[in-house]
Amino acid sequence: MKIASFNINGVKARIGALTDWLAGADADVVVLQEIKSVDEGFPREHFGDLGWNVETHGQKGFNGVAILSKLPLEDVTRGLPGDETDDQSRYIEATVVGDRAVRIAGLYLPNGNPAPGPKYDYKLAWMERLRVHAASLLASEMLVVMLGDYNVIPEPRDAAKPEKWAEDALFLPASRAALRSILWQGWIDAVRIRDPWAGRGPFTFWDYQGGAWNRDDGIRIDHLLLSPQAADLMVETGVDREARAGEKPSDHVPVWVRLAA
DNA sequence: ATGGTCGCCACGCGA
C-alpha cells in the first residue's frame with residue numbers, strides 16, 4: 001500500500017497538477033492539505049470518475065484537509081480531539097484495508113507565524129492536543145501512518161539556510177521540542193530514517209517568493225510518522241521533488257511511503 | 001531594510 005501526503009494549496013487551482021501527479025504516482029491513499037474549499041466545493045466527481053473515494057473536512061477560504069483512496073475509507077473522523085471550540089479544519093482520520101488495516105491520520109498543523117503571538121500560542125496548543133491523541137493512536141497498536149504538513153523544520157539540516165528560519169514559528173525551539181515530544185513516543189520519521197546520516201534535505205517546500213525553488217532554498221516540513229507496527233512493514237519512501245517544477249505547482253511537493261500492507 | 005508570490009474570492013488575509 002502506497003500512502004502519500006500533498007499540501008496542494010487550493011484544490012480548485014490544482015486540479016490539473018494534482019490529476020497529473022496522481023496519474024503517475026501509483027498511490028493507494030493520498031491525504032491533502034490546504035484544499036481551501038468547503039466540502040461542497042471539492043471537485044468530488046472529477047476524482048470520483050478517476051476511481052478515487054473522497055472524504056473531505058473543508059473550510060471556507062483557508063485550511064481544509066481531505067483523503068483520496070482507491071480502497072474504501074472506513075471509520076472516518078474529522079477534527080483533532082481536545083478542544084470543542086476549535087473550528088479550523090486541519091485533521092481527518094480513516095481506516096483503509098489492504099492486506100492489513102491501516103489507520104491514516106492526515107493533518108495540517110498550524111503555521112504559527114507571527115511568533116510570539118496568539119497564532120503561535122494556537123500552534124503550540126494544537127501540537128499538545130496532537131501529542132495526546134498520537135499517544136492514543138500508538139496505544140491502539142494498529143498500523144498507523146500520521147502524515148501531512150507539520151509546519152515544523154525538525155533540524156538545521158532540514159533547511160537549505162537554517163539561519164534564515166531562526167525567528168520563524170516553523171523552527172523556533174519550542175516548535176521543534178513539541179515535535180520531538182511526539183516523535184519520542186515511538187513514531188518513526190520515514191523520510192529521515194531512510195538515510196539517517198545524510199546531509200541537507202530532502203526538502204518538501206519552497207516559497208513562491210524570491211526564487212526559492214530556483215535557488216533550491218527549501219525546507220522539510222511535510223512528514224510521514226509511522227507507528228512501530230507500520231514501520232516494520234516499510235519498504236520504500238520518497239519525496240516527489242519534480243512536482244515543484246511542473247505547471248502551476250503547489251509550493252509543497254508530495255511525500256510518500258510504501259508499506260507491505 | 002524592504003518587498004518579493006500565490007490562492008481565495010473580490011479585499012485583505014493567510015502562508
Side-chain angles (χ1 to χ4, degrees), chain A residues 5-21 30-44 46-47 56-66 80 86-91 106-127 130 147-154 158-172 174-176 178-179 203-223 240-255:
Chain A
S5 172
F6 195 176
N7 179 324
I8 53 172
N9 188 21
V11 68
K12 298 184 213 40
R14 220 64 67 201
I15 289 180
L18 178 56
T19 302
D20 291 349
W21 174 76
V30 181
V31 301
L32 303 173
Q33 302 90 39
E34 285 203 88
I35 64 173
K36 295 188 174 180
S37 166
V38 294
D39 294 332
E40 307 76 55
F42 194 96
R44 179 177 300 271
H46 172 81
F47 293 104
T56 62
H57 183 35
Q59 181 178 339
K60 182 178 165 62
F62 311 104
N63 305 326
V65 291
L80 180 65
D86 183 3
D87 55 5
Q88 299 196 26
S89 298
R90 298 179 172 274
Y91 190 90
L107 64 92
Y108 175 48
L109 208 146
N111 175 296
N113 281 303
K119 290 186 177 177
Y120 193 58
D121 295 342
Y122 174 65
K123 176 178 194 150
L124 293 181
W126 204 94
M127 293 186 81
L130 182 63
L147 72 170
D149 178 359
Y150 280 73
N151 266 317
V152 178
I153 303 166
D158 295 309
K161 300 176 183 174
E163 66 281 1
K164 197 173 100 171
W165 301 91
E167 308 298 320
D168 195 285
L170 277 58
F171 195 52
L172 284 174
S175 308
R176 297 169 56 197
L179 179 60
F203 304 133
T204 67
F205 169 90
W206 297 259
D207 202 295
Y208 288 121
Q209 303 181 61
W213 167 247
N214 292 323
R215 302 167 192 270
D216 196 21
D217 182 8
I219 52 177
R220 189 175 75 97
I221 54 174
D222 299 270
H223 306 301
D240 288 347
R241 178 185 167 93
E242 65 280 3
R244 188 64 176 79
E247 195 85 6
K248 267 195 90 172
S250 171
D251 41 6
H252 295 250
V253 296
V255 298

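Computed from heavy atoms alone, side chains included, the values below leave out hydrogens, waters and symmetry copies. To find a chain, count down the sequence lines: A is the first, B the second, and so on, and within it residues start at 1.
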Checklist entry - Using the P atom in both, what is the distance from B/dC9 to B/dT5, to the nearest Å? => result 22 Å
Next on the checklist: Just to be sure I understand the rule, does A/Arg244 reach a base, reach only the sugar-phosphate, or reach nothing, if contact means heavy atoms closer than 4.0 Å?
Outcome noted: nothing
Checklist entry - Hey, what's the ring geometry for A/His223 with A/Tyr150, parallel, tilted or perpendicular (30° and 60° as the breaks)? => result tilted
Item to check | Those residues that, when tested against A/Asp86, pass side chain to side chain donor-acceptor pair (under 3.5 Å) (two or more places apart) | outcome: A/Tyr122, A/Arg129
Checklist entry - If the P atom of B/dG14 is compared with that of B/dA10, how far apart are they to the nearest Å? => result 15 Å
Checklist entry - Does the distance from a Lys or Arg side-chain N to an Asp or Glu carboxylate O, for A/Lys164 and A/Asp217, drop under 4.0 Å? => result yes
Checklist entry - Thinking salt bridges, do A/Arg241 and A/Asp216 make one under a 4.0 Å N-O criterion? => result yes
Checklist outcome for this item: The residue among A/Asn113, A/Asn111, A/Leu172, A/Asn151 that forms side-chain contact (heavy atoms from CB on, under 4.5 Å) with A/Lys123 is A/Asn151
Item to check | Residue closer to the 5' end of DNA chain B, A/Lys248 versus A/Tyr108 (nearest nucleotide) | outcome: A/Lys248
Checklist entry - So, A/Asp149 and A/Gln33: side-chain donor and acceptor under 3.5 Å apart, yes or no? => result no
Item to check | A/Asp207 vs A/Pro110, nearer the 5' end of DNA chain B by closest nucleotide | outcome: A/Asp207
Next on the checklist: Over all strands shown, is A/Phe205 touching base, sugar-phosphate only, or nothing at heavy-atom distances under 4.0 angstrom?
Outcome noted: nothing
Checklist entry - If you walk 5' to 3' along DNA chain B, what is the first nucleotide with an atom under 4.0 Å of a heavy atom in chain A, and what is the last? => result B/dG4 to B/dA15
Checklist entry - Given the C1' atoms of B/dA15 and B/dG3, what is the spacing between them in whole Å? => result 16 Å
Item to check | Euclidean distance for P, B/dC6 against B/dT2 (whole angstrom) | outcome: 23 Å
